[in-house]
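Take a look at this one; I'll ask things after.
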Amino acid sequence: MYTITKEFHFSASHQLCNLPGDHPCARLHGHNYIAEVELRAEKLDESGFVLDYRALDPLKRWIDDTLDHRHLNEVFGHDGVTSEVLAREIFDWAHARWAQVSAVRVSETPKTWAEYRP
């Protein structure tokens with residue numbers, strides 16, 4: 001099995017309103033997110049790729065247009081946009097376009113990662 005990954009960066013705010021009021025994430029705050037998209041294939045294409053990294057340019061545009069410098073609660077229409085939820089949302093968008101997408105990892109701090117892998 002071949003595996004490739006590509007990293008995308010964006011900054012956004014969110015507020016986890018379902019947490020107790022004294023929890024720091026219950027307050028409006030932001031992160032410099034890193035989203036890592038993993039793609040897998042048993043065979044390489046005619047060019048020797050799982051997928052040409054340039055084929056992922058629409059994902060970069062979607063992240064820039066939809067998520068970057070946005071309030072994620074407004075983007076997704078609810079107050080529970082955790083890194084786990086964000087990983088699933090990015091996975092669903094990307095997997096609908098590229099069947100090779102096998103997982104998405106999202107980091108909101110250098111020490112934390114959430115992953116969605118069906």
Q. Out of curiosity, does W62 fall in the hydrophobic cluster containing V85 (side-chain heavy atoms, cut-off under 4.5 Å, transitive links)?
A.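 Cluster IDs for V85 and W62 differ.
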Q: Would you check if the side chain of S107 reaches a backbone N or O of T109 as a donor-acceptor pair within less than 3.5 Å?
A: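 Checked: pair present.
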Q.
Taking I63's backbone N and O only, do any of them form a donor-acceptor pair with D68's side chain (distance below 3.5 Å, no angle check)?
A.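 Side chain of D68 to backbone of I63, a donor-acceptor pair under 3.5 Å: no, none is there.
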(Q) Strictly distance-based, threshold 3.5 Å: is any side-chain N or O of H23 a donor or acceptor partner for the main-chain N or O of G21? (A)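 Flag not set: sc H23 to bb G21 has no pair under 3.5 Å.
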Q) Looking only at heavy atoms, which two atoms of L67 and A12 are closest? And how far apart? A)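 In this case the closest contact between L67 and A12 is O-CB, 3.5 Å.
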Q.
In terms of relative ring orientation, are F76 and H78 parallel, tilted or perpendicular, with 30° and 60° separating the classes?
A.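 Plane angle between 30° and 60°, so tilted.
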Q | Centroid-centroid under 6.0 Å between H71 and H14 rings | A |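 Not close enough - the centres of the two rings lie 6.0 Å or further apart.
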**Q.** Minimum heavy-atom distance R70-T66, with the two atoms named
**A.**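 Of all heavy-atom pairs spanning R70 and T66, the closest is CG-O, 3.2 Å.
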Q: Go through Q100 and I4 one step at a time and tell me if the side-chain contact (heavy atoms from CB on, under 4.5 Å) criterion holds.
A: CA-CA 10 Å; Q100 302 95 319; I4 64 170; over 6 Å; no
Q) Are V75 and V104 joined in one hydrophobic group, where the rule is that I, L, V, M, F, W and Y side chains link up if heavy atoms are under 4.5 Å apart? A)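 Looking at the clustering, V104 is in the same group as V75.
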Q: Treating Ile, Leu, Val, Met, Phe, Trp and Tyr as nodes and any side-chain heavy-atom pair under 4.5 angstrom as an edge, say whether F49 and Y2 lie in one connected cluster.
A: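 F49 and Y2: separate clusters.
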Q.
I need the L56 CG to R97 CZ distance, nearest 0.5 Å.
A.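 The distance works out to 12.0 Å.
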Q | Close side-chain approach of D79 to N18, heavy-atom, < 4.5 Å | A |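 No, every pair of side-chain atoms sits at 4.5 Å or beyond.
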Q. Heavy atoms, side chains only, cut-off 4.5 Å: are V101 and V37 in contact?
A.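 Sidechains of V37 and V101: in contact.
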Q) To the nearest 0.5 Å, how far apart are NE2 in H31 and SG in C25? A)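 The SG atom of C25 is 5.5 Å from NE2 of H31, to the nearest 0.5 Å.
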(Q) Show, in sequence, the C-alpha distance, side-chain angles and deciding distance for F10 and N32, and conclude whether the side-chain contact (heavy atoms from CB on, under 4.5 Å) test is met. (A) CA-CA 6 Å; F10 63 98; N32 294 316; over 6 Å; no
Q) Which pair of heavy atoms, one from S102 and one from R117, lies closest together, and at what distance? A)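 Minimum heavy-atom separation between S102 and R117: O-CG, 3.6 Å.
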**Q.** From CG (L19) to CZ (R27), nearest 0.5 Å
**A.**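 These two atoms lie 11.0 Å from each other.
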Q. Between T5 and Y53, what is the shortest heavy-atom contact and its length?
A.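 Looks like O-CE2, 3.3 Å.
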Q | P58 to W93 - nearest heavy-atom pair and separation | A |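 Looks like O-CH2, 3.6 Å.
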Q. Would you say the side-chain atoms of N73 pair up with the backbone N or O of Q15, donor to acceptor, closer than 3.5 Å?
A.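 At least one qualifying donor-acceptor pair exists.
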Q | Neighbour count >12 (heavy atoms, 6.0 Å) for atom CD, E7 | A |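 Check passes, neighbour count above 12.
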Q: Start with the C-alpha distance between E115 and E38, add both sets of side-chain angles, then the distance that settles side-chain contact (heavy atoms from CB on, under 4.5 Å), and finish with yes or no.
A: CA-CA 10 Å; E115 179 176 298; E38 176 189 280; 5.9 Å; no
Q. So, for A55 and W98, which heavy atoms are closest and what is the spacing to 0.1 Å?
A.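 Looking at all heavy atoms of both residues, the closest pair is O-CZ2, 3.1 Å.
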Q: With side-chain contact (heavy atoms from CB on, under 4.5 Å) as the test, would you mind laying out the steps for I34 and W113 before giving the verdict?
A: CA-CA 9 Å; I34 300 171; W113 287 87; 3.9 Å; yes
**Q.** Close side-chain approach of F8 and K6, heavy atoms under 4.5 Å
**A.**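 Yes - at least one pair of side-chain heavy atoms lies under 4.5 Å apart.
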Q) Does S13 reach the side chain of L28, with side-chain heavy atoms less than 4.5 Å apart? A)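 In short, these two side chains touch, coming nearer than 4.5 Å.
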Q. Hey, what do you get for NZ (K60) to NE2 (H9), rounding to the nearest 0.5 Å?
A.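 If we round to the nearest 0.5 Å, K60:NZ and H9:NE2 are 9.0 Å apart.
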Q) Is V106 close to I90 at the side-chain level, that is, under 4.5 Å between some pair of heavy atoms? A)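 Side-chain contact under 4.5 Å: yes.
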